[in-house]
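Data block below; observations after.
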2 protein chains.
Amino acid sequence: MPKEVLFNEATVLQKATELFWHKGYNGTSMDDLTRATGLSRSSLYNSFGDKHSLFMRCLNYYLSDQEKSLMQAVGGTSSPLKKIKIAFKYMVDVILRDDKRDGCLMVNTTTELSNVDEEVGTLVLQNTDAMEHLFQQWVKEAQQQGEISKTFTPQAIAKHLFNTYSGLRISGQARPDKKSLDDIVKVALSVLG
Amino acid sequence: MPKEVLFNEATVLQKATELFWHKGYNGTSMDDLTRATGLSRSSLYNSFGDKHSLFMRCLNYYLSDQEKSLMQAVGGTSSPLKKIKIAFKYMVDVILRDDKRDGCLMVNTTTELSNVDEEVGTLVLQNTDAMEHLFQQWVKEAQQQGEISKTFTPQAIAKHLFNTYSGLRISGQARPDKKSLDDIVKVALSVLG
DNA sequence: AAGTATGTGGAACGAATGTTCCAAATAAAG
DNA sequence: CTTTATTTGGAACATTCGTTCCACATACTT
């Protein structure tokens with residue numbers, strides 16, 4: 001019965017995500033979004049709701065995409081310690097490839113909105129927990145296999161790792177220099193030894 | 001000859017800074033600023049230039065204020081290692097007192113603007129260098145006095161410390177929990193041992 | 001006391017904001 | 001072929017945006 005949807009939803013979300021990523025939530029206008037996606041205002045509102053709803057869709061799109069990439073990066077190894085090392089090597093690579101210096105959409109959103117937007121705050125917290133949980137699992141396994149010393153609890157190390165990751169996105173935005181980032185990772189991961 | 005200025009410049013800058021800090025640059029309107037400072041639009045423009053100029057003034061005001069506080073916090077000791085430890089203890093305290101969860105204006109500004117605003121990007125880089133230089137100096141002295149192992153270069157450790165600080169502002173914005181932040185600091189500073 | 005230079009409040013500006021509305025277009029169902 | 005359901009483009013909306021302007025208030029100089 002209905003006229004078919006002419007656009008690819010994933011493509012639109014990708015374009016919108018890139019824009020929010022580059023200019024932030026408040027820095028991005030609906031006009032920007034129509035231009036970037038090629039959709040008219042009515043199509044955007046009809047398919048994705050208002051600006052805030054679209055933004056939440058983009059955040060979730062971004063998160064699932066990031067998770068997929070990270071899992072793919074560490075997929076090659078079974079050693080939990082190597083997974084951690086590969087993960088950070090991968091993150092540094094991503095930062096160095098970020099030639100627009102847009103950083104991490106999740107970190108950007110944390111600083112821009114988590115204190116004034118409850119819905120965003122909840123999502124940020126969920127993601128933080130998920131990341132920490134992932135790191136904690138790897139650390140726990142690594143400690144059981146004797147790859148990592150048991151000086152600190154898996155939870156404490158996991159929080160440190162996530163903290164280091166968040167910091168890397170800030171450091172990388174100020175000066176995306178391979179040597180600097182490698183140094184940070186080297187020192188930060190030395191606590192595992 | 002002229003009518004005197006009726007307001008206290010530092011007070012106005014403080015109010016404006018608080019607002020930018022809480023809502024971000026793009027999230028703060030000139031209307032917000034007139035209400036918060038009590039000044040009329042024309043007074044604001046006459047005394048501080050346009051919105052962007054005022055923002056830059058606020059950033060510098062914030063930085064000098066932060067530096068003063070940090071120096072005061074570590075002023076009591078002559079041991080460079082203790083300075084580092086006290087500095088991080090102080091930072092955690094600041095984060096826990098930040099009941100609005102506004103984070104760090106400098107970190108917030110880095111993620112919001114450093115990729116699209118060259119003037120801001122320059123200031124961010126200057127501040128990053130200054131902070132790293134400060135840490136590096138302390139580490140160098142501590143290594144010379146045998147307080148810190150020489151496993152890593154002062155530069156690498158300094159970058160790690162600043163990275164940890166930046167991360168703490170993100171972590172603290174997601175979940176400002178004393179135990180979590182203490183854990184992060186404990187693990188991150190263990191590389192000094 | 002008059003002149004003058006500057007700060008102040010508030011109105012006013014055009015442009016941009018997020019959102020809504022409607023007529024036209026389209027494709028499946030009857 | 002007509003009907004029906006949905007998407008689409010673009011005009012239109014009120015509101016807010018950053019900024020400018022001007023008449024008035026004020027305090028120093030002469």
Practice prompt. Look at the side chain of B/N163 and the backbone N and O of A/T164, then say whether any donor-acceptor pair between them is shorter than 3.5 Å.
Written response: yes
Discussion item. Using whole Å, what does the distance between atom P of nucleotide C/dC22 and atom OH of A/Y45 come to?
Written reply: 17 Å
Worksheet entry | Letter per nucleotide, 5' to 3', of nucleotides 9-14 of chain C [B base touched, S only sugar-phosphate touched, - untouched; heavy atoms, 4.0 Å] | BBB---
Worksheet item: Does B/K179 come within less than 4.0 Å of B/D182, counting only side-chain N to carboxylate O?
Response: no
Practice prompt. Counting heavy atoms from C-beta on, name the nucleotide in D/dT19, C/dT20, C/dT8 closest to the side chain of B/F7.
Written response: C/dT8
Item to complete: May I have the distance from A/F48 (atom CZ) to C/dG18 (atom P), rounded to whole angstrom?
Response: 17 Å
Worksheet item: Nearest-Å distance, CG (B/N8) to P (C/dG7)?
Response: 16 Å
Fill in: Protein-nucleotide distance (A/D32, atom CG; D/dC17, atom C1'), rounded to Å
15 Å
Worksheet item: How long is the line joining CG of A/D31 and P of C/dT17, in whole Å?
Response: 6 Å
Worksheet entry | B/N46 CG to C/dA5 P, straight-line distance once rounded to whole Å | 16 Å
Worksheet item: Quick check: does any side chain N or O of A/E112 sit under 3.5 Å from a backbone N or O of B/N108, one acting as donor and the other as acceptor?
Response: no
Discussion item. By the 4.0 Å heavy-atom rule, please label B/T28 as base, sugar-phosphate, or nothing.
Written reply: sugar-phosphate
Item to complete: Looking only at side-chain atoms of A/S47, point me to the closest of D/dT8, D/dT19, C/dT19.
Response: D/dT8
Discussion item. Without decimals, in angstroms, what is the distance between B/E9 CD and C/dT8 P?
Written reply: 11 Å
Fill in: Whether over 12 other heavy atoms sit under 6.0 Å from B/H133 NE2
no
Worksheet entry | Under-4.0 Å salt bridge between B/D102 and B/K100 | yes
Worksheet item: Ring centroid separation for A/F135 and A/F162, is it under 6.0 angstrom?
Response: no
Fill in: Atom-pair distance (CG on A/N26; P on D/dG18), nearest Å
11 Å
Worksheet item: Should the heavy atoms of other residues, nucleotides or ligands under 6.0 Å from CD of B/E67 be counted, would the total exceed 12?
Response: no
